Colleague: 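Take a look at the following structure, please.
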Amino acid sequence: MLTNVPTWTTDRIELLKSHFEAGLTCREIAASIGVSRNAVIGKLSRLQLTRGPAPAEPRPTKAARERSRKSIPRLQYQVLQAVYENAQPLQEEPIASERRCSLYELSNERCRWPISTPGAEDFCFCGNTPVEGMPYCSGHTRLAYRPGSRQRVARG
DNA sequence: CCCTGATTCGC
DNA sequence: GCGAATCAGG
């Protein structure tokens with residue numbers, strides 16, 4: 001295959017446009033033209049053909065993202081410090097959920113303890129590794145079965 | 001995990 | 001200009 005044949009011949013661009021306007025997904029368009037999905041998306045992008053307007057705030061560049069990765073915690077830290085300053089030693093219980101996950105990602109290997117409020121934008125699950133035979137990680141297993149912590153929800 | 005569209009950046 | 005890699009969102 002030496003050809004200088006460009007990927008995007010005029011007729012392919014025709015197909016691209018018509019399929020796009022027909023509402024086909026990029027994967028479907030890609031399949032029918034015989035190129036990768038990314039190729040289709042890339043071309044559409046270059047043609048300024050997108051379905052929705054791009055996100056209001058464009059993503060910072062990869063470089064910028066990595067650069068600015070450091071400074072946010074200060075505010076959060078101050079807020080948290082204020083919150084905890086007057087707090088009682090409730091329990092020794094900040095259960096760390098380092099692998100919070102979405103509903104889609106729940107499995108037998110992820111703690112199913114819900115975090116935040118169902119339906120809320122930040123709703124997710126703990127995601128920690130559960131204890132053997134339990135739906136929850138060790139911390140949330142203890143919490144789940146502690147009398148009074150959740151008005152005996154877990155009773156028979 | 002599956003998927004989608006969108007963007008970046010080396011080629 | 002191209003599109004794989006990556007990101008963001010469901």
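Because the structure is predicted, anything quoted here is derived from the model rather than measured. Reminder, nothing fancy here: chain letters follow the sequence lines and each chain counts from 1.
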Colleague: For the pair made of CZ in A:R12 and P in C:dC2, what is the distance, rounded to whole Å?
Modeller: 11 Å
Colleague: Looking only at atom types and distance, does a side-chain atom of A:S138 sit under 3.5 Å from a main-chain N or O of A:V131, one as donor and one as acceptor?
Modeller: no
Colleague: Should A:P130 and A:Y136 count as side-chain neighbours, where that means a heavy-atom distance under 4.5 Å?
Modeller: no
Colleague: Can you check side chain to side chain contact (heavy atoms under 4.5 Å, CB included) on A:N128 and A:W113, steps first, answer last?
Modeller: CA-CA 9 Å; A:N128 283 342; A:W113 189 268; over 6 Å; no
Colleague: Not counting sequence neighbours, which residues clear ring-ring contact (aromatic ring centres under 6.0 Å, His included) with A:F20? List them please.
Modeller: none
Colleague: In whole angstrom, give the distance that lies between atom CZ of A:R112 and atom C1' of B:dC1.
Modeller: 13 Å
Colleague: At a heavy-atom distance below 4.0 Å, what parts of residues 97-107 of chain A sit against DNA chain C?
Modeller: A:Y104
Colleague: To the nearest 0.5 Å, tell me how far A:L103 CG sits from A:E105 CD.
Modeller: 9.5 Å
Colleague: Are A:C126 and A:I115 side-chain neighbours, meaning at least one heavy-atom pair lies under 4.5 Å?
Modeller: yes
Colleague: With no hydrogens and no angle check, is any side-chain donor or acceptor of A:R112 less than 3.5 Å from a backbone partner on A:L106?
Modeller: no
Colleague: Counting only side-chain nitrogens and oxygens, does A:T7 get under 4.0 Å of the OP1 or OP2 atom of C:dG3?
Modeller: yes
Colleague: Please list, by residue number, the residues of residues 27-37 of chain A whose heavy atoms come closer than 4.0 Å to an atom of DNA chain C; answer none if no residue qualifies.
Modeller: A:S36
Colleague: Go through the steps to decide whether A:S97 and A:H140 satisfy the test side chain to side chain contact (heavy atoms under 4.5 Å, CB included), and finish with yes or no.
Modeller: CA-CA 10 Å; A:S97 303; A:H140 286 133; 3.8 Å; yes
Colleague: Within residues 42-49 of chain A, find the residues that approach DNA chain C with a heavy atom at under 4.0 Å, and present them sorted by residue number.
Modeller: A:K43, A:R46
Colleague: Hey, does the side chain of A:R99 reach the backbone of A:G127 with a donor-acceptor pair shorter than 3.5 angstrom?
Modeller: yes
Colleague: To the nearest angstrom, how far is A:R110 atom CZ from B:dC1 atom P?
Modeller: 9 Å
Colleague: Quick one, A:L15 and A:D11 - any side-chain contact, counting heavy atoms below 4.5 Å?
Modeller: no
Colleague: With a 4.5 Å limit on heavy-atom distance, are the side chains of A:K43 and A:V35 in contact?
Modeller: no
Colleague: List in numerical order all residues of residues 15-25 of chain A for which some heavy atom is under 4.0 Å away from an atom belonging to DNA chain B.
Modeller: A:T25
Colleague: I need the A:E21 CD to A:L16 CG distance, nearest 0.5 Å.
Modeller: 9.5 Å
Colleague: May I have all residue pairs that pass side-chain hydrogen bond (donor to acceptor under 3.5 Å, both in side chains) and include part of residues 22-32 of chain A, sequence neighbours excluded?
Modeller: A:H19-A:S32, A:T25-A:E28
Colleague: Can you check the A:I41 CD1 to B:dT8 P distance for me, whole Å?
Modeller: 14 Å
Colleague: Between A:I13 (CD1) and C:dC2 (C1'), how many Å, whole number?
Modeller: 12 Å
